[in-house]
Amino acid sequence: MQWTLVIPLKPLERAKSRLSDTAGDGLRPGLALAFAQDTVAAALASRAVGDVAVVTDDPLAGRELSALGARIVPDEPRGGLNAALAYGAATVRAAQPRSAVAALNADLPALRPLELARVLDAAAEFPRAFLPDAAAIGTTLLAVREGQELRPAFGTDSRARHRASGAVELALPGVDSVRQDVDTGEDLRAALALGVGPRTTAVSAGLLIPGPQGLR
């Protein structure tokens with residue numbers, strides 16, 4: 001099964017505010033863009049992915065991610081993460097009604113194409129399924145097969161919210177790169193330990209990463 005991924009990305013100047021202890025205002029937009037670029041590049045390299053639609057109004061992000069091969073969908077609702085995802089999924093389905101669609105976070109800089117394919121293969125067994133994040137509180141991927149509505153419930157305690165909505169929780173070993181999103185300095189340190197993509201590697205070089213190792 002080939003999936004279309006919908007990846008939301010807020011304007012870069014507002015992105016990743018919780019990384020302020022690690023990257024100042026001058027660095028965070030570039031770091032957020034690097035996360036998204038490495039996420040999109042890895043997703044497009046996955047055998048299970050046929051298309052990537054990024055929902056964003058940021059012009060720089062739109063240009064850079066389009067250059068990687070993503071389709072850019074303007075965030076017309078401008079109503080936050082879940083509204084952007086629902087709109088992106090609807091836009092995809094308007095053009096490809098039979099698409100299997102998955103929402104994926106834009107901050108997975110350690111994403112591995114093979115691990116993503118394993119997650120999507122597992123999700124294909126269910127009408128609607130999700131993968132919890134590394135903290136086991138949030139969600140990094142929500143997938144629906146043909147004919148199913150996405151019904152995203154990202155945000156605070158999204159793992160519990162998606163489970164309560166009837167989505168099947170995927171319990172897969174060995175897919176750490178798909179679960180490791182980055183909101184804090186500790187998250188970034190964990191992603192760096194997994195091995196991040198080239199753009200995040202370049203932007204994060206020299207940053208002070210909270211934790212016992214200090215400077216990376």
Side-chain angles (χ1 to χ4, degrees), residues 3-19 28-29 31-33 35-37 39-40 43 49-66 68 70-108 111 116 119-120 123 126-133 135 137-170 178-179 181-183 187:
W3 292 79
T4 295
L5 302 187
V6 178
I7 298 178
L9 181 62
K10 67 174 62 175
L12 296 174
E13 70 271 11
R14 302 205 316 264
K16 296 296 144 197
S17 59
R18 291 171 61 192
L19 278 172
R28 278 190 291 107
L31 200 56
L33 177 58
F35 293 166
Q37 287 173 301
T39 299
V40 167
V49 176
D51 188 21
V52 171
V54 177
V55 183
T56 187
D57 277 337
D58 190 283
L60 174 60
R63 290 194 300 271
E64 295 295 330
L65 298 174
S66 177
L68 293 176
R71 181 184 357 161
I72 306 303
V73 177
D75 183 8
E76 291 189 9
R78 297 184 181 177
L81 177 59
N82 291 311
L85 284 170
Y87 178 73
T91 300
V92 166
R93 287 271 175 81
Q96 301 169 325
R98 300 176 64 85
S99 292
V101 176
L104 184 72
N105 288 8
D107 58 351
L108 300 170
L111 187 64
L116 177 59
V119 173
L120 292 171
F126 306 99
R128 186 165 169 264
F130 74 97
L131 185 74
D133 65 7
I137 297 172
T139 303
T140 57
L141 179 142
L142 174 67
V144 292
R145 290 195 323 216
E146 173 191 348
Q148 301 294 317
E149 294 297 323
L150 190 62
R151 292 187 288 132
F154 287 83
T156 304
D157 296 326
S158 66
R159 178 190 183 189
R161 294 167 67 192
H162 283 131
R163 190 162 47 191
S165 74
V168 173
E169 180 172 336
L170 301 173
V178 196
R179 298 185 63 195
D181 55 353
V182 177
D183 289 318
D187 293 338

Asks: Taking only residues two or more places apart in sequence or in another chain, which ones pass side-chain hydrogen bond (donor to acceptor under 3.5 Å, both in side chains) with R71?
Replies: D51
Asks: Can you list the residues that meet the side-chain hydrogen bond (donor to acceptor under 3.5 Å, both in side chains) rule with R93, with sequence neighbours excluded?
Replies: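 So R93 forms no side-chain hydrogen bond (donor to acceptor under 3.5 Å, both in side chains) with any residue.
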Asks: Apply side chain to side chain contact (heavy atoms under 4.5 Å, CB included) to P59 and list each qualifying residue two or more places apart in sequence or on a separate chain.
Replies: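 Scan of P59 (side chain to side chain contact (heavy atoms under 4.5 Å, CB included), adjacent residues dropped) gives R63.
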Asks: Got a sec, which residues hit salt bridge (charged side-chain N to carboxylate O under 4.0 Å, His left out) with R145, two or more places apart in sequence or on another chain?
Replies: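 Here no residue qualifies.
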Asks: Could you work out, with side-chain hydrogen bond (donor to acceptor under 3.5 Å, both in side chains) as the rule, every residue matching D75, not counting sequence neighbours?
Replies: none
Asks: A side-chain contact here means heavy atoms from C-beta on lying under 4.5 Å apart; do D187 and L19 qualify?
Replies: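 They are not in side-chain contact.
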Asks: Under the ring pair (Phe, Tyr, Trp, His ring centres under 6.0 Å) definition, can you give me all pairs with a residue in residues 137-167, not counting sequence neighbours?
Replies: F130-H162, F154-H162
Asks: Is there a side-chain contact between N105 and F35 in this structure, where contact means two heavy atoms from C-beta onward sitting under 4.5 Å apart?
Replies: no
Asks: Which residues satisfy the side chain to side chain contact (heavy atoms under 4.5 Å, CB included) test with A143, sequence neighbours excluded?
Replies: W3, A102, A123, L141
Asks: Taking V52 as the fixed residue, which of L65, I7, L68 is the one that meets the side-chain contact (heavy atoms from CB on, under 4.5 Å) rule?
Replies: I7
Asks: Checking E76 now: which residues fulfil side-chain hydrogen bond (donor to acceptor under 3.5 Å, both in side chains) with it, not counting sequence neighbours?
Replies: Y87
Asks: With R18, which residues qualify under salt bridge (charged side-chain N to carboxylate O under 4.0 Å, His left out), at least two apart?
Replies: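 Per chain and number, R18 pairs via salt bridge (charged side-chain N to carboxylate O under 4.0 Å, His left out) with D183.
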Asks: Looking at every non-hydrogen atom in both residues, tell me the closest pair between V55 and V6 and how far apart they are.
Replies: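 Distance-wise, the nearest heavy atoms are CG2-CG1, 3.8 Å.
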Asks: In this structure, which one of R163, R161, R128 forms a salt bridge (charged side-chain N to carboxylate O under 4.0 Å, His left out) with E169?
Replies: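 Exactly one candidate clears the test, R163.
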Asks: Output all residues satisfying salt bridge (charged side-chain N to carboxylate O under 4.0 Å, His left out) with D157, sequence neighbours left out; order by chain, then residue number.
Replies: none
Asks: Applying side chain to side chain contact (heavy atoms under 4.5 Å, CB included), can you list everything that pairs with E149, at least two apart in sequence or on another chain?
Replies: R151
Asks: Using atom types as modelled and distance alone, determine if a side-chain donor or acceptor of S99 lies under 3.5 Å from a backbone N or O of V101.
Replies: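 Side chain of S99 to backbone of V101: no pair is present.
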Asks: Over all heavy atoms of both residues, which pair between V178 and L116 is shortest? Give the atoms and the distance, please.
Replies: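 Shortest heavy-atom separation between V178 and L116 comes out as CG2-N, 3.7 Å.
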Asks: Residues two or more places apart in sequence or in another chain: which of them pass side chain to side chain contact (heavy atoms under 4.5 Å, CB included) with R98?
Replies: E146
